Amino acid sequence: MVKSKRQWPTLFFFSAILAVFSNPASAEEGEWSFTLAPYAWMSGISGDVATVPPLPPSNIDESFSDILDDLEGAFFVYGEARKDRLFFMTDLVYTNVSSSDSYGSGGFLNVDLDQENILLGAAAGYTVIKEPEYSLDLFGGARYWSIDSELTLTGPVARRSISHSEDWLDPIVGARFAVPLNEDWYFQVSTTVGGFGVGADLEWDLFSTIRYRLSDWAWVGFGYRYLSVDYDHGGFLYDVDQQGPVLGAAFRF
């Protein structure tokens, strides 16, 4: 029997509208400014998944340390372009995990799972309120999900592989509220909702961050994020909640 942890698709990803370390402050009047923000999300995951149909769904409940053992590679980056109150943002997340387990006396059956995840999102937004004390952004766009899984069963006389690829596109809308605490510290909270049955039945996230300004063009920050998604199609199931701290840096030019 395959352990449930072998079927989680990814524990690291960032939504298209998750601008945790974006810089809402504008450049000079009428000029474009750009923000590039690499980050890491140290998330755990829980829920029900079936990423290799026709295998049945499994219940998972994994911490970040459990996930780290199986991580082969990951890449997270967020970008934003802004001109006055208008802005565009995009993010790319890539993860690759590989796990292996042996069952039976002397490792009679070996089970390997390789999984590659890509999340690519884009949104456009507008700062509807911009005051020295606070600002409010509204935005909308789309988020693309792609999950490729391969399960390999190796026994004493035979070897069999089962693979499955699933992708979908979700419309998304969201809001971001930001407050400068003083000259160098900055707080923001963002919420988004999407899917609406177009791709996923529903997805939403809520997170808050605090950033510290190192210079006019560099920031570091930390925060916490909770993401939930419910996608179910043709035997493929990804109904999970993810939560954990976020660390990152942002560079504006």
Side-chain angles (χ1 to χ4, degrees), residues 13-39 41 76-93 119-145 169-200 202-213 215-229 243 246 248-253:
F13 60 72
F14 201 60
S15 66
I17 35 64
L18 184 58
V20 175
F21 300 113
S22 66
N23 182 34
S26 63
E28 295 296 325
E29 185 92 14
E31 293 184 358
W32 284 98
S33 65
F34 303 91
T35 299
L36 186 65
Y39 62 90
W41 183 24
F76 313 85
V77 64
Y78 169 85
E80 181 175 314
R82 173 179 286 269
K83 184 176 183 181
D84 298 329
R85 293 179 179 241
L86 176 68
F87 64 92
F88 300 92
M89 52 190 182
T90 184
D91 72 273
L92 172 65
V93 171
L119 178 63
L120 178 63
Y126 191 80
T127 303
V128 295
I129 300 176
K130 185 179 179 182
E131 301 290 343
E133 298 82 10
Y134 62 91
S135 65
L136 176 64
D137 296 337
L138 300 180
F139 48 86
R143 178 183 297 126
Y144 172 74
W145 301 70
L169 186 69
D170 287 337
I172 52 173
V173 293
R176 180 173 60 194
F177 180 75
V179 179
L181 303 177
N182 56 35
E183 245 182 44
D184 297 321
W185 289 94
Y186 197 91
F187 169 80
Q188 78 177 25
V189 60
S190 176
T191 183
T192 64
V193 63
F196 310 116
V198 177
L202 181 67
E203 61 167 275
W204 61 273
D205 63 73
L206 176 66
F207 67 92
S208 60
T209 59
I210 295 177
R211 293 188 292 113
Y212 178 74
R213 183 172 67 92
S215 67
D216 289 339
W217 55 272
W219 294 260
V220 292
F222 63 92
Y224 196 90
R225 176 173 178 243
Y226 188 102
L227 172 67
S228 178
V229 61
Q243 58 180 316
V246 177
F251 307 93
R252 189 182 67 171
F253 53 93

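This structure is a prediction, so every number in the text was calculated from the model and none was measured. Heavy-atom basis, side chains included; hydrogens, waters and symmetry copies ignored. One-based numbering along the sequence shown.
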Check: Can you list every pair that meets salt bridge (charged side-chain N to carboxylate O under 4.0 Å, His left out) and has a residue in residues 179-199, with sequence neighbours left out?
Finding: Asp184-Arg213
Check: Applying salt bridge (charged side-chain N to carboxylate O under 4.0 Å, His left out), which residue pairs with at least one partner in residues 189-199 are found, sequence neighbours left out?
Finding: none
Item checked: Residue list, side-chain contact (heavy atoms from CB on, under 4.5 Å) with Phe187, at least two apart or on another chain -> Leu181, Val189, Ser208, Ile210
Nearest heavy-atom neighbours spanning [X] and [Y]:
X      : Y      : value
Tyr186 : Pro180 : CD1-CA, 3.8 Å
Ala200 : Val229 : CB-CG2, 4.1 Å
Thr35  : Ala250 : CG2-CB, 4.2 Å
Ala175 : Leu138 : CB-CD2, 3.7 Å

Hey, are the side chains of [X] and [Y] touching, using non-hydrogen atoms and a 4.5 Å cut-off?
X      : Y      : answer
Phe196 : Val173 : yes
Phe251 : Phe34  : no
Tyr39  : Thr209 : no
Met89  : Asp137 : no

Checklist line | Modelled atom types, side-chain donor and acceptor of Glu80 and Tyr78, under 3.5 Å | finding: yes
Interatomic distance, [X] atom [atom1] to [Y] atom [atom2] [nearest 0.5 angstrom]:
X      : Y      : atom1 : atom2 : answer
Ser228 : Leu206 : OG    : CG    : 11.5 Å
Leu36  : Arg252 : CG    : CZ    : 13.5 Å
Leu86  : Asp84  : CG    : CG    : 8.5 Å
Gln243 : Arg225 : CD    : CZ    : 11.5 Å
Asp205 : Tyr226 : CG    : OH    : 11.5 Å
Trp145 : Leu120 : CH2   : CG    : 12.5 Å

Next item on the list: Report the residues that fulfil side chain to side chain donor-acceptor pair (under 3.5 Å) with Tyr144, sequence neighbours left out, ordered by chain and then residue number.
Entry: Asp167
Margin query: Please enumerate all residues that pass side chain to side chain donor-acceptor pair (under 3.5 Å) together with Trp217, with sequence neighbours excluded.
Written below: Ser215
Going by ring-ring contact (aromatic ring centres under 6.0 Å, His included), name the residues that satisfy it together with [X], two or more places apart in sequence or in a different chain.
X      : result
Tyr126 : none
Phe88  : none
Tyr212 : Trp185
Tyr134 : Phe177

Notebook entry, point to check: What residue among Arg82, Arg176, Arg85 forms side chain to side chain donor-acceptor pair (under 3.5 Å) with Thr127?
Noted result: Arg82
Next item on the list: Spell out, as yes or no, whether a donor-acceptor pair under 3.5 Å connects the side chain of Thr90 to the backbone of Gly121.
Entry: yes
Next item on the list: Begin from the C-alpha positions of Val198 and Leu169 and carry the test side-chain contact (heavy atoms from CB on, under 4.5 Å) through to its verdict.
Entry: CA-CA 7 Å; Val198 177; Leu169 186 69; over 6 Å; no
